[in-house]
*Asks:* 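Please read through the structure below; I'll follow up with questions.
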Amino acid sequence: MSGRLEGKVAFITGAGRGQGRAHAIAMAKEGADIIAIDICRQIESNPYPLSTPDDLAETERSIKELGRCVVAKIADVRERAELRDAVEAGIANLGRLDIVVANAGILPMAMGTPDPMDFVDATDVDLLGVMNTVAVSVPHLPNGSSIIITGSTAGMMPNTTDNPMLGPGGSGYGWSKRILIEYSEQMSNHLAPRFIRVNTIHPTNVNTHLLHQDGFYSVFRPDLVADGQKPTLEDVRPALTYFQAMPIPWIEPEDVANLAVFLASDESRYITGQQIRIDAGSLLKFPNGPTG
């Protein structure tokens, strides 16, 4: 099946790379035009590199290569005015807005002395950023639109990002993802009279920069850290694989994007308020968390 999103426009945050870019490309392949935004600069507390202007330009190029229109803007999801300007510029150029993918997120793990501001940075992006994205979009959405939020299995499984090794930033990430569950259910209820649906996707480990960082590796191999070693990808691959019921270390961004396309399409017109896991069975294997 193709052309499932023909004539629609999608607003995607964190579109510079990773899951955001995968969403943009997958939706463009199905006929959607795209409003793509990303911060394109570093947040000091975040230990791994965030997207760059070149990353966002590559997303823009890829969408145009598919024959779709795109409006790409640098914007910070923490700043509602910047998001509003980006959405309005996109609608002025593309004519409408039908799909919202509130995807931008960070995981600012403590790599040294824990700083309470890491919690603030995480929640500002991962929770407030989602709420800002929805807030600037809803006034423009016609009946029957779709809002898709990126959650995490960390919000559904205890003893994951609240690990002390991750510090306040890890706690902020996990807390934000938990609150998003209730937030999305509230919004789905209030928007249901207009047939606007709101659903949250909760992936397990995804093959992105957020996963492949020293802090995350250290959580999976604390034994090596205790011995003064720096864990490598090959050191942590068995532990990452053990985390899922299916024997894989992670899923790909495209696996998440495939579900998002379905949720954006009219095929899911009566699906709303759902918390949908793409976790390869991790919550079945560890219902009380990996240390529960």
*Asks:* Taking all heavy atoms of Asp121 and all of Ile106, pick out the closest pair and write down the distance.
*Replies:* O-CD1, 3.7 Å
*Asks:* More than 12 heavy atoms of other residues, nucleotides or ligands under 6.0 Å from CD of Glu44: yes or no?
*Replies:* no
*Asks:* Report the C-alpha distance between His23 and Ile34 in whole Å, list the side-chain angles of each, state the deciding distance to 0.1 Å, and finish with yes or no for side chain to side chain contact (heavy atoms under 4.5 Å, CB included).
*Replies:* CA-CA 10 Å; His23 289 310; Ile34 308 295; over 6 Å; no
*Asks:* Assess, by modelled atom type and distance only, whether the side chains of Arg17 and Ser51 contain a donor and an acceptor separated by less than 3.5 Å.
*Replies:* no
*Asks:* Are the side chain of Asn199 and the backbone N or O of Gln274 linked by a donor-acceptor pair below 3.5 Å?
*Replies:* yes
*Asks:* Assess whether atom NZ of Lys8 is packed by more than 12 heavy atoms of other residues, nucleotides or ligands within 6.0 Å.
*Replies:* yes
*Asks:* How far apart are the closest heavy atoms of Ala26 and Ala257, and which atoms are they?
*Replies:* CB-CB, 3.8 Å
*Asks:* Determine the minimum heavy-atom distance between Gly16 and Arg21, stating which atoms define it.
*Replies:* O-NH2, 2.9 Å
*Asks:* If you look at every heavy atom in Tyr173 and Ala154, which pair is closest and at what distance?
*Replies:* CE2-CB, 4.0 Å
*Asks:* Could you tell me if Ser268 and Arg197 have a donor-acceptor pair between their side chains, going purely by distance under 3.5 Å?
*Replies:* yes
*Asks:* When you measure from the side chain of Asn258 to the backbone N and O of Glu254, does any donor-acceptor pair fall under 3.5 Å?
*Replies:* yes
*Asks:* Return the OG to CD1 distance between Ser137 and Ile99, rounded to the nearest 0.5 Å.
*Replies:* 11.5 Å
*Asks:* Minimum heavy-atom separation for Ser188 and Thr272, please, with both atom names.
*Replies:* CB-OG1, 3.3 Å
*Asks:* Under a 3.5 Å cutoff, is there a donor and acceptor pairing between the side chains of Glu252 and Asn207?
*Replies:* yes
*Asks:* Could you give me the CA-CA distance, side-chain angles and deciding distance for Leu141 and Ile147, then say whether side chain to side chain contact (heavy atoms under 4.5 Å, CB included) is met?
*Replies:* CA-CA 10 Å; Leu141 292 174; Ile147 297 172; 3.9 Å; yes
*Asks:* Does Arg194 have more than 12 heavy atoms from other residues, nucleotides or ligands lying within 6.0 Å of its CZ?
*Replies:* yes
*Asks:* I need the Thr52 OG1 to Glu58 CD distance, nearest 0.5 Å.
*Replies:* 10.0 Å
*Asks:* Does Lys285, at its NZ atom, have more than 12 non-hydrogen atoms belonging to other residues, nucleotides or ligands within less than 6.0 Å?
*Replies:* yes
*Asks:* Should we say atom OH of Tyr242 is surrounded by more than 12 heavy atoms from elsewhere, each under 6.0 Å from it?
*Replies:* no
*Asks:* Tell me whether Arg277 contacts the main-chain N or O of Leu283 through its side chain, where contact means a donor paired with an acceptor under 3.5 Å.
*Replies:* no
*Asks:* Identify, with sequence neighbours excluded, every residue that meets ring pair (Phe, Tyr, Trp, His ring centres under 6.0 Å) alongside Tyr48.
*Replies:* none
*Asks:* Would you please classify the geometry between the Phe243 ring and the Phe286 ring as parallel, tilted or perpendicular, with 30° and 60° separating the classes?
*Replies:* parallel
*Asks:* Give a yes or no answer on whether the side chain of Gln42 reaches the backbone of Leu50 with a donor-acceptor pair at less than 3.5 Å.
*Replies:* yes
*Asks:* Testing the basics here: between Asp98 and Gly7, what is the closest heavy-atom pair and its distance to 0.1 Å?
*Replies:* OD2-O, 4.1 Å
*Asks:* Is there a donor-acceptor contact under 3.5 Å linking the side chains of Gln275 and Ser184?
*Replies:* yes
*Asks:* Using a 3.5 Å cut-off and no angle test, enumerate the donor-acceptor pairs between side-chain atoms of residues 80-89 and protein atoms at least two apart in sequence or in another chain.
*Replies:*
| from | atom 1 | to | atom 2 | distance (Å) |
| --- | --- | --- | --- | --- |
| Arg80 | NE | Asn132 | OD1 | 2.8 |
| Arg80 | NH2 | Asn132 | OD1 | 3.0 |
| Glu82 | OE1 | Asp76 | N | 2.8 |

*Asks:* For the residue pair Thr204 / Gln244, report whether a side-chain donor-acceptor contact shorter than 3.5 Å exists.
*Replies:* yes
